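Notes for the one structure printed next.
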Amino acid sequence: MTMLLPKFELHQPATLDEAVALAALHVDDFDLLSGGTDLLPNYKCGLNAHRNVISLQHIAELKHIDAHSIGAGVTLVDIERNADVPRSVADCAAHIASPLLRESGTLGGNLMLDNRCHFFNQSYFWRRSLGYCLKANGDRCHVVPQINEGGKSVLNDKVCVATHSSDLAPMLIALGAEATFISTAGRRTVKLNDFYWGDGIERYERKPGEILVQVTLPRWAHEVRSGWKKLAPRQSIDFSVAGVGAALELDGENVKTLRVALGAVDTTPVLFDFSQQEKRRDAGHYLLMDPYKNMPEVIGKKLDDALIETIAKHVQTQAQPKLNVPMAPDYRRKMCGVLTRRLLTELRDNPAS
Ligand SMILES: Cc1cc2nc3c(=O)[nH]c(=O)nc-3n(C[C@H](O)[C@H](O)[C@H](O)COP(=O)(O)OP(=O)(O)OC[C@H]3O[C@@H](n4cnc5c(N)ncnc54)[C@H](O)[C@@H]3O)c2cc1C
Ligand code: SF4
């Protein structure tokens, strides 16, 4: 059984410019290493390892944190303890993994986390015995073995539905965060919601050699009520199997803005922007959920219990978790509604949230 790290060359740049140059030099065969809490376990399982690993641990520019921007190299524990970031973001960070993992794990690693699946997060031996799968070494999916093409059921050799499991991604998307990347082509800033795209293999639109530098929060993120709730088998250590982040702005008792983002139930985080201004791009296949299908009218309405129930029902109806992480999909789907209802009730009743 292979549980040892494979051989790779470790590069330890001291500046972002050096890291960018190394990423360009090894563009077809490198991984970035931040805290290593996701990358190294995956390497030990023989999951898509590369020959060059570029460590970001010594780059001071990535470790800056203030009320409006968080560097990719800031650890989860530093986010948790920071008094200037929105409480919802600190609270979300505080419930990731375990205290020890939060000492090493970073924002960048969390946002770029690989998707998870029962058939993928296994040892090399285990996966080889099953014949591998699309996401590593194989040519088929064990979770969705058949798909419909032109009215015929055919072998699924195209779409991976591995689950996106970052907690901070949906929370930051609900708050309208943007992400800044750097490469030899310069810097580019995108809405975090637009960055995530595609199936469980593609996961996001990252240009060759790009490094995540920081996430920026709009002023608005500090003015709205926001919060995070997650479902996991255990409160500590375990990955989320469903998560809900929300940002709510009220005008008196009426909804002015509402953004709810789901995590851990699809191949990317999924935003429900009830103002319908930020829509999800077409992911190119039909196995993913559509948050805007039959979306109820919410804006301008009184946020009473009945409206909260309508919103929660909508989120629950649209969620389509797959049987590839712990807990049954039906239960996770139901919990998307339950968590949404609990969170919105708390946000409505507690102006300080
Ligand atoms: C037992 C256990 C439980 C966990 N529970 C949770 C949980 O509840 N919720 C959750 O969200 N996560 C969880 N995690 C996952 C992980 O620990 C955290 O998400 C952590 O924040 C990852 O950060 P890291 O710096 O260690 O990432 P790394 O392992 O260093 O990197 C992860 C990925 O991100 C890429 N990367 C890192 N930095 C950058 C950058 N600046 N630019 C571009 N790419 C980059 C790496 O190349 C790699 O592909 C858990 C992990 C373990 C082992
Ligand atoms: S969803 Fe299918 S292709 Fe993707 S990791 Fe799981 S088994 Fe592999």
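Indexing begins at 1, ligand by ligand and atom by atom, following the structure's order. On a predicted model such as this, the values are computed, not experimentally measured, just so you know. We count residues from 1, following the sequence as given.
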Note: ligand 2 atoms sitting under 4.0 Å from heavy atoms of Val143 are 1 (S), 6 (Fe), 7 (S)
Give the residue, atom name and distance (to 0.1 Å) of the protein heavy atom nearest atom 9 (N) of ligand 1.
-> Asp167 OD2, 3.1 Å
Answer yes or no: is there a donor N or O on one side and an acceptor on the other, between the side chain of Asp266 and the main chain of Met289, under 3.5 Å?
-> yes
Residue and atom name of the nearest protein heavy atom (relative to atom 46 (C) of ligand 1), distance in Å to one decimal | Leu32 O, 2.9 Å
What do you reckon, are the aromatic ring centroids of His222 and His68 less than 6.0 Å apart?
-> yes
Mark the output for Asp114 as yes if a heavy-atom distance to ligand 1 is under 4.0 Å, and as no if none is.
-> no
Which residue holds the protein heavy atom closest to atom 50 (C) of ligand 1, what is that atom called, and what is the gap in Å?
-> Phe239 CZ, 3.1 Å
Do Thr189 and Thr180 have side-chain atoms, one donor and one acceptor, less than 3.5 Å apart?
-> yes
Does Phe274 have Arg259 sitting over its ring (NZ/CZ under 6.0 Å from centre, angle to axis within 45°)?
-> no
of all protein heavy atoms, closest to atom 52 (C) of ligand 1 is Leu101 CD1, 3.7 Å
Heavy-atom closest pair (Leu347 atom, Gly227 atom, distance to 0.1 Å) is CD2-N, 4.0 Å
Glu210-ligand 1 polar pair, N/O distance under 3.5 Å = no
Quick one: look up the protein heavy atom nearest atom 1 (S) of ligand 2 and list residue, atom name and how far away it is.
-> Val161 N, 3.3 Å
The answer for which part of Ser165 has a heavy atom under 4.0 Å from ligand 1 is backbone
What is the closest protein heavy atom to atom 26 (O) of ligand 1, and at what distance does it sit?
-> Thr37 OG1, 2.6 Å
Considering only non-hydrogen protein atoms, determine which one is nearest to atom 4 (Fe) of ligand 2 and report residue, atom name and distance to 0.1 Å.
-> Cys160 SG, 2.4 Å
Between Glu309 and Asp305, is there a donor-acceptor pair closer than 3.5 Å when you use the side chain of the first and the backbone of the second?
-> no
Can you sort out which atoms of ligand 1 are near Lys230, meaning under 4.0 Å from one of its heavy atoms?
-> 7 (C), 8 (O)
Describe, in one word, how the ring planes of Tyr196 and His164 are oriented to each other, choosing from parallel (under 30°), tilted (30 to 60°) and perpendicular (over 60°).
-> perpendicular
Minimum non-hydrogen distance to atom 24 (P) of ligand 1, winning option of Ala72, Gly35, Gly243 = Gly35
Run the numbers for me: atoms of ligand 2, each under 4.0 Å from some heavy atom of His142, listed by number.
-> 2 (Fe), 7 (S)
Less than 6.0 Å separating the ring centroids of Phe272 and Tyr292?
-> no
Protein contact of atom 3 (C) of ligand 1 - nearest heavy atom, named by residue and atom, plus distance = Ile237 O, 2.7 Å
For Gly36 and ligand 1, does the shortest N/O to N/O distance drop below 3.5 Å?
-> yes
Going by the order shown, which atoms of ligand 2 are within less than 4.0 Å of some heavy atom of Lys135?
-> 3 (S), 5 (S)
Scanning both residues in full, the closest heavy-atom pair of Glu205 with Arg188 reads O-NH2, 2.9 Å
In ligand 1, which numbered atoms sit nearer than 4.0 Å to a non-hydrogen atom of Leu56?
-> 38 (N), 39 (C), 40 (C), 41 (N)
Can you list the ligand 2 atoms lying under 4.0 Å from a non-hydrogen atom of Phe120?
-> 5 (S)
Verify the ring-centre separation between His142 and His118: is it less than 6.0 angstrom?
-> no
Could you tell me if any non-hydrogen atom of Ala162 lies under 4.0 Å from any atom of ligand 2?
-> yes
Side-chain H-bond candidate by donor/acceptor type, Ser183 with Glu210, under 3.5 Å = no
Heavy atoms only: which of Leu40, Asn110, Asp38 is nearest to atom 10 (C) of ligand 1?
-> Asn110
Give the residue, atom name and distance (to 0.1 Å) of the protein heavy atom nearest atom 2 (Fe) of ligand 2.
-> Cys141 SG, 2.3 Å
Among the heavy atoms of Leu168, does any lie under 4.0 Å from an atom of ligand 1?
-> no
Donor on one side chain, acceptor on other, Thr267 and Asp199, under 3.5 Å | no
Under 4.0 Å from one or more heavy atoms of Ser34, ligand 1 contributes atoms 25 (O), 30 (O), 37 (C), 38 (N)
Would you say Cys133 reaches atom 8 (Fe) of ligand 2 with an N/O/S atom under 2.8 Å?
-> yes
Among all protein heavy atoms, pick the one closest to atom 3 (S) of ligand 2 and tell me residue, atom and distance.
-> Leu134 CB, 3.5 Å
Indicate whether the side chain of Asp139 and that of Tyr132 have a donor and an acceptor atom separated by less than 3.5 Å.
-> no
In terms of heavy-atom contacts, Leu175 and Ala247 come closest through CD2-CB, 4.0 Å
Are the side chain of Arg333 and the backbone of Gln318 linked by a donor-acceptor contact shorter than 3.5 Å?
-> no
Give the residue, atom name and distance (to 0.1 Å) of the protein heavy atom nearest atom 21 (O) of ligand 1.
-> Thr106 O, 3.1 Å
From Leu212, Leu39, Val53 - option closest to atom 41 (N) of ligand 1 by heavy atom = Leu212
Pair Asn110-Ser166, side-chain donor/acceptor within less than 3.5 Å | yes
Hey, which atoms in ligand 1 end up nearer than 4.0 Å to a heavy atom of Ser166?
-> 11 (O)
Would you kindly say whether Asp78 and Thr75 are connected by a side-chain donor-acceptor distance under 3.5 Å?
-> yes
Count the heavy atoms belonging to other residues, nucleotides or ligands that lie under 6.0 Å from CG of Asp349, then report whether that count exceeds 12.
-> yes
For Phe119, take its heavy atoms, then give the atoms of ligand 2 lying under 4.0 Å from any of them.
-> 7 (S)
Does any N, O or S atom in Cys117 come within less than 2.8 Å of atom 4 (Fe) of ligand 2?
-> no
Arg140 and Asn156: side-chain donor and acceptor closer than 3.5 Å?
-> no
The protein heavy atom nearest to atom 33 (C) of ligand 1 is Met112 O, 3.7 Å
Within the structure, does Ala97 bring an N/O atom to less than 3.5 angstrom of an N/O atom in ligand 1?
-> yes
